[in-house]
Structure formats: C-alpha cells, structure tokens
Amino acid sequence: LLSLIEAEDPAGQLGLMALYPYTGRAHLVGVTGAPGTGKSTLVNQIALELRKPASDRLADAGRVGVIAVDPSSPFTGGAILGDRIRMREVAQDPAVFIRSMATRGELGGLAPTTGSMAQALDGAGFGHVLIETVGAGQAEVEIARMAQSTVVVEAPGMGDEIQAIKAGILEAADIVVVNKADLPGAEETVRALRTAINLGHPGAGRGGNADPMWVPPVLRTTATTGEGVPDVVEALARHYRHLRETGMLLVRERERARREISARLREQLLARFLRRKGNGTLEDLVEQVAGRRLSPQAAVDQMLDEAGA
Ligand SMILES: Nc1nc2c(ncn2[C@@H]2O[C@H](COP(=O)(O)OP(=O)(O)O)[C@@H](O)[C@H]2O)c(=O)[nH]1
Ligand SMILES: [Mg+2]
C-alpha cells in the first residue's frame, strides 16, 4: 500500500479510504533539523526506546513505524552511519518498520505523499509513527502541521542555535533536542536555545503560533550511545498527554483535516477544469501572459467566463 501511495496510484487512495476509520490512534512524531545533526541516529534510538517494555509508561508502544524523508538517509541501505549494532537491532525487530522515501524536488521538505504514508501506518495499527525530514526552513513548518509532536534536533558548534532562532524554526518545535552532547559546546547551545524559547514563547508574552500552554523543553542527547533518549521519549509521551488533555489534539486534527481537504479539492478541481477545457486554451493563455499581452488575473477571468463558472 505504501508503494501504491508513493507512486500516486489511485489504488493507494482506495486503500487509504478503507483504512481511514482506523486512523487517528498513532502518535505522529516529526523529527527535523539540519543535515548531520544526528536525526537518523536519534530516530533509531527513539524506536529502540519505544520498543523497550516500560513498566513506567502508560501503554505499550506497540509497533513503531519510521518514515525517513531524507535523500541521504542511511536507512536506504549501503552505508550505515552511527552505531551499527544498534541500527541492526532496530532493523531486526519485526515490530519496527522502516520506510525511506526521497524528497521531491529541492533538498529537504516533505514529499507530497508523506502524510498519506503516515496515515497508512497509523491505520495499520502502528502505535508510533516517526517521520524524519531534513530541515530547510519551510520543512519544519510542514512537518509541524502534519505531526502531532515535532522534535527539532540541533547540534553544538554549528551555529545552529543562531540559525534556528533567526529562521523561527523554534516556533515549530514541541521538543528541542541538542544532540551530540558528547561534543564540546553542548551546554552553551542548550542555554542559548532555552533563552530563545523563553523570550519567544507566547507564554512569555510574545506572538507566534505555538501552544501557549506548552513550553518546549530543551533536552540533551548523545544518539550514538543512547544517552538522554529515555528523556526524549518521556517528553513525547508528556506532550501527547498534554495535547489530549487540553483538547489541542482535536484542534490540530481539525486544522489538518481542513488543510488536507482544501489541498485535495484545489488540486482535483484544477485538474478536472483543465481536462474539460483542454490544455490548448491554457497553453494559449500561458503564451499571452508570458508575452505581457494579458495579466494572470485576466487569463483566469477569461477561462472562468468561458466555462460559465
Ligand atoms: N559525536 C556524536 N556523533 C553523532 C551523534 N549522533 C549522531 N552522530 C554522528 O553524526 C553523523 C550524522 O548522523 P545522522 O544520524 O546520519 O544525521 P542526520 O543527517 O541528521 O540524519 C553520523 O556520523 C553519526 O554517527 C552523537 O550524539 N555524538
Ligand atoms: Mg538522516
């Protein structure tokens, strides 16, 4: 089904329709950040941690799905980076399903079918779906809209904290992780990020689209050894509980549903309209608009007039 969805085969959408009533049970977690910060290594560790029988956690995690939207993902086979043994552990656990997909177009961002693939895993009964994406400015916002909890990964000594603050990336974060805590400068990075969050958080009196009731924790990890990872998993569980208890989960779900319906409607109305009009007209108008003989709005007016729409 994932392959059909990724290939944008209509059968994929049929499968999703059948699965849809069973979705909405998984905790969808986005993991984003600059290349090389250790996202893939961390995602592996989070999956391992979720699979540990945890008497101190409310529910058993069940199966864990991983979608890596990363052109340079080590999941694609070949060169496996990071802690090889742990990677193999995850790969051998039949309850962890890892799927790698390429980004379309520019580096980073989400493939258009990523959301549908996450839905399919959710509907198939995965308790957690982890989505790794390369952060490239807009990607953080995209993943924050799709996921219920967004983890932004930073690493010390990359000037990342400055970039994150500048680009407003922190606004997308529910949890901030400073990975590579074994490297020098981690403490400074943690402090800089905490300061930025306290200054910029709506709870601290400024705007932004974040949840005013949730101050993103800044956690330290060493993904290569797994140090600090249980705290990340605990923070994820706490955030999910927070979303449920405050009703934010439902608010986000509605926003997501509205966005998805609108996007699909826009795309399909356009396709249907152009099919009925025939591509000849469009090409004709494209020439006129490019040649400055017609403005884009006049072209649309003309098409709508002719269609009586
Ligand atoms: N020193 C150190 N290296 C790490 C840590 N986590 C990941 N790495 C290394 O950083 C490199 C990039 O890791 P990867 O998970 O592929 O990063 P991604 O591009 O963000 O997915 C690899 O060589 C990892 O072994 C860490 O906590 N400490
Ligand atoms: Mg990666």
Side-chain angles (χ1 to χ4, degrees), residues 29-50 64-91 96-104 106-111 114 117-118 128-140 142-144 146-147 149-161 163-164 167 169-170 172-173 175-190 193 218-233 235:
V29 177
V31 179
T32 188
T37 48
K39 297 179 297 299
S40 298
T41 316
L42 183 67
V43 162
N44 268 282
Q45 294 286 4
I46 292 173
L48 272 180
E49 184 63 29
L50 286 170
V64 181
V66 175
I67 303 173
V69 195
D70 182 351
S72 63
S73 172
F75 297 134
T76 37
I80 294 178
L81 305 169
D83 188 330
R84 284 159 188 276
I85 291 161
R86 279 174 187 280
M87 294 263 186
R88 233 179 286 134
E89 257 177 70
V90 157
V96 179
F97 180 87
I98 298 169
R99 173 84 185 204
S100 177
M101 64 190 297
T103 52
R104 205 164 288 172
E106 79 278 34
L107 179 77
L110 290 180
T114 309
M117 287 172 78
H128 288 83
V129 179
L130 311 174
I131 307 161
E132 178 195 341
T133 65
V134 180
Q138 190 55 27
E140 287 83 1
E142 280 180 53
I143 193 68
M146 179 184 305
S149 305
T150 301
V151 180
V152 171
V153 184
E154 305 282 346
M158 293 176 71
D160 262 7
E161 62 274 23
Q163 268 178 315
I169 285 165
L170 291 179
I175 294 164
V176 178
V177 168
V178 176
N179 188 41
K180 306 198 182 183
D182 54 317
L183 298 184
E187 198 43 57
E188 286 88 327
T189 304
V190 167
L193 290 167
V218 182
L219 306 171
R220 252 184 315 178
T221 61
T222 303
T224 38
T225 63
E227 214 177 314
V229 174
D231 289 343
V232 176
V233 169

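In each ligand, atom 1 is the first atom listed, and ligand 1 is the first ligand listed.
- Nearest heavy-atom pair, Ala118 versus Ile131, reported as atom, atom and distance to 0.1 Å: CB-CD1, 4.0 Å.
- Remark: ligand 1 atoms within the under-4.0 Å shell around heavy atoms of Lys39 are 15 (O), 17 (O), 18 (P), 19 (O), 20 (O), 21 (O).
- The N, O or S atom of Glu132 with the smallest distance to the Mg ion (ligand 2) is OE2.
- Under the side-chain hydrogen bond (donor to acceptor under 3.5 Å, both in side chains) criterion, Glu187 pairs with Arg220, sequence neighbours left out.
- In summary, Thr41 places no N/O/S atom under 2.8 Å from the Mg ion (ligand 2), failing the contact criterion.
- Nearest to atom 13 (O) of ligand 1 by heavy atom, out of Asn44, Thr41, Thr222, is Thr41.
- Heavy atoms only, all atoms of each residue included: Ala47 and Val64 are closest at CB-CG1, 4.1 Å.
- By the 4.5 Å heavy-atom criterion applied to side chains, Ile46 and Val233 are counted as neighbours.
- The residue from Leu183, Thr224, Val177 that puts a heavy atom closest to atom 5 (C) of ligand 1 is Thr224.
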**OP:** Test Val151 against Val177 for side-chain contact (heavy atoms from CB on, under 4.5 Å), laying out the working first.
**Re:** CA-CA 7 Å; Val151 180; Val177 168; 3.6 Å; yes
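- Looking at Gly38 next to ligand 1, an N or O pair under 3.5 Å apart turns up.
- Of all atoms in ligand 1, listed by their number and element, those nearer than 4.0 Å to a heavy atom of Glu132 are 21 (O).
- The shortest N or O to N or O distance between Ala181 and ligand 1 is not below 3.5 Å.
- Contact annotation: for Thr37 versus ligand 1, heavy atoms closer than 4.0 Å belong to both the backbone and the side chain.
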Original post:
Where do Leu48 and Asn44 land on the side-chain contact (heavy atoms from CB on, under 4.5 Å) test, with the steps shown first?
Top reply: CA-CA 6 Å; Leu48 272 180; Asn44 268 282; 5.9 Å; no
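- Residue-ligand proximity, Asn179 to ligand 1, at heavy-atom distances under 4.0 Å covers atoms 5 (C), 6 (N), 7 (C), 27 (O).
- Considering backbone and side-chain atoms together, Thr221 places no N or O closer than 3.5 Å to any N or O of ligand 1.
- When every heavy atom of Lys180 is checked against every heavy atom of Gly36, the shortest pair comes out as NZ-O, 2.8 Å.
- Close N/O approach between Gly36 and ligand 1 is found [any backbone or side-chain N/O within under 3.5 Å].
- Nearest heavy-atom pair, Leu219 versus Ala235, reported as atom, atom and distance to 0.1 Å: CD1-CB, 3.8 Å.
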